[in-house]
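These numbers were taken from a predicted model, which means no experiment stands behind them. Heavy atoms only: backbone and side chains are in, while hydrogens, waters and symmetry mates are out.
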Amino acid sequence: MRQRARRYMAAVLPQPYLQAKGITAPNLDSATLHDLLDRDPKVEVRRRVEAPERLGTLGVGGMSLGGVTVADMTQEHAAALSRQLPQVHIERDRLLTYTAVSQTPRREARHQLVLPVGVDASFTFLVVDTDGKPIPDASILVNGYLWPAQVVTGPDGRGTVTMTGETPESIASVQVKPEGGHWSQLVVRPALKKDGDNLIVLKKLSDTLPDFPDKQVFGWGQQAMQLHRLPPNFRGAGAKIAIVDSGADVDHPDLVDRVNTGLDLSARQEGGWKVDTVHHGSHCAGIVTGADTGRGIVGFAVEAEVHACKIFPGGRLSDLIEALDYCIDKEIDVINLSLGTKEFSPLVAAKLEEARNAGVACIVAAGNDGGPVNFPGNMPTVLAVAAIGRTDTFPPDSAHADVIRPPQTAEGYFSPAFTCFGPEIDLCAPGVAILSAIPPDEYAAWDGTSMAAPHVTGLAALIVAHHGDFHGQYRTRDARRVEHLFDILKSSCTSLNLGDPYRTGAGLPDAMRALAPALNGVAAQSPMDQLTQEMLAAGLLQDTTAQAALALLYAEMVAAGLIGAGMPVR
């Protein structure tokens, strides 16, 4: 049987790099390499990723990254070309995944059961809301003794699964995740029947968030990061953000006029970045920049310039390289990368360093498989974000409760089971039951480090826009600028004791601390803010760390009900 062709990337190694490695080979440029591969009958060239010469490095020795040819070939032929052309770097152009948490079956200790293997059991589910209205497009995962089964409800809210070797008593759990507008539900050891409908009633988001979406809400994560206490003029104007994801539905009420431009590297269609069939990019965009319209949600940086770089569905490493080039050329300040892969890519690593040297800060989701930090989150040139949750932010019978992992803090913070962890984690951010926008005009509460990273991206944009350092000594677009931004984010964090520092890094960022220097002389937004400003004016308080401590004390007193909040609506 003939081996299936795979997708590869090929790039020329420069002579200084080859000499440092002791490799002798003729000079070759990227255009010549492209033509060489195009003439090879065993290679099907897909495209050439053009790139101007910049200051990126490849590997430990260092290498500038020029153009990249993307082509299909067998693994054997790729290996043969690497031997024939030592001056060429060839690597797999792997698929990327967007890092939202997928449904995973609950696995419990198996007891000795005698199951009728070969006998089918069918279960029909009817999913409705609290008004009895059927919910279409809800995903149902049934976890049996042998294998899980999944179905999506139809227009009538019904879905049927047929499972071999299962009985009603052998089903461990049923998990239901709606597309939007409702909370998910997890039923452990359900009492199922094979005849008739198994009724599942989902709570509407408005059942726990009164009058939503007609009444605008701050996400719990934004409040945990003190966004709601910033002055109303701290809105990110002047900062440039790129969201490399699945596009953004610019017709959604919370994204209208908020995502300004972009490019489509998925279908490669003009204006294709405005269509989000996956919904993931729109959800991330809502967290970053959801419009402040008085309804729905509100983002961190509601006046920033936002670009959507669409690479999903089907996003590969080569698409990410193109997106990073776009961001460098457009002088983007902060990129949100809620994506990853298990495998290291030297070519992407080189492009990430180019971005850093060009003053582009890459904020990356750590990953959601509960293991080591995914690539590119494990690179030292980016800021890796893990997820945290809080127990009082979702219904106790929702699927969100299934990701709780001990220990918990006194405030109910926990490190969810899905979040990747390791020494590469820089900080953590809210990533469980995060409410944001999905097409066409709905809202959904999702889990994932994908949801955590946009919280940090939004705050980073506010820092770039309003922190004086980025209009003064760190105005120049270079690696120092990026490192200073990352340092401010990490130094603003509140440490969380969740059993393992590799799960939380420096901790949870605090907008008041991060922007403390910019708050001097700004009209106060609460009684404690007013006190702080008066003490600063009188020379009684100069240390911004002490100022942040006062702000934190005020927040804790409000939470304890000792004083009134006096909170603004941004």
Is the distance from the ring center of F344 to that of F375 below 6.0 Å? yes
T69 side chain to R48 side chain, donor-acceptor N/O pair below 3.5 angstrom: no
Mind checking what makes salt bridge (Lys or Arg N to Asp or Glu O under 4.0 Å) contact with R46, not counting sequence neighbours? E44, D72
Determine whether the aromatic ring centres of H280 and F312 lie less than 6.0 Å apart. no
Tell me yes or no: between the side chains of S318 and R47, is some donor less than 3.5 Å from an acceptor? yes
Between the side chains of Q75 and H77, does any donor sit under 3.5 Å from an acceptor? no
Taking side chain as C-beta onward, heavy atoms only, is D333 less than 4.5 Å from R481? yes
Show the numbers, then the answer: is there a side chain to side chain contact (heavy atoms under 4.5 Å, CB included) between L265 and C309? CA-CA 7 Å; L265 298 173; C309 298; 5.5 Å; no
Cationic N near anionic O, under 4.0 Å, D426 to K490: yes
Exercise: do Q175 and S184 side chains pair donor with acceptor under 3.5 Å: no
H484 meets the ring pair (Phe, Tyr, Trp, His ring centres under 6.0 Å) criterion, sequence neighbours left out, with F470, Y474
With salt bridge (charged side-chain N to carboxylate O under 4.0 Å, His left out) as the test, would you mind laying out the steps for E322 and R268 before giving the verdict? CA-CA 12 Å; E322 282 194 76; R268 297 182 181 270; 2.7 Å; yes
Which pairs pass side-chain hydrogen bond (donor to acceptor under 3.5 Å, both in side chains) with one or both residues in residues 429-443, sequence neighbours excluded? D254-Y443
Testing the 3.5 Å rule here: is there a donor-acceptor pair between the side chains of D35 and T32? no
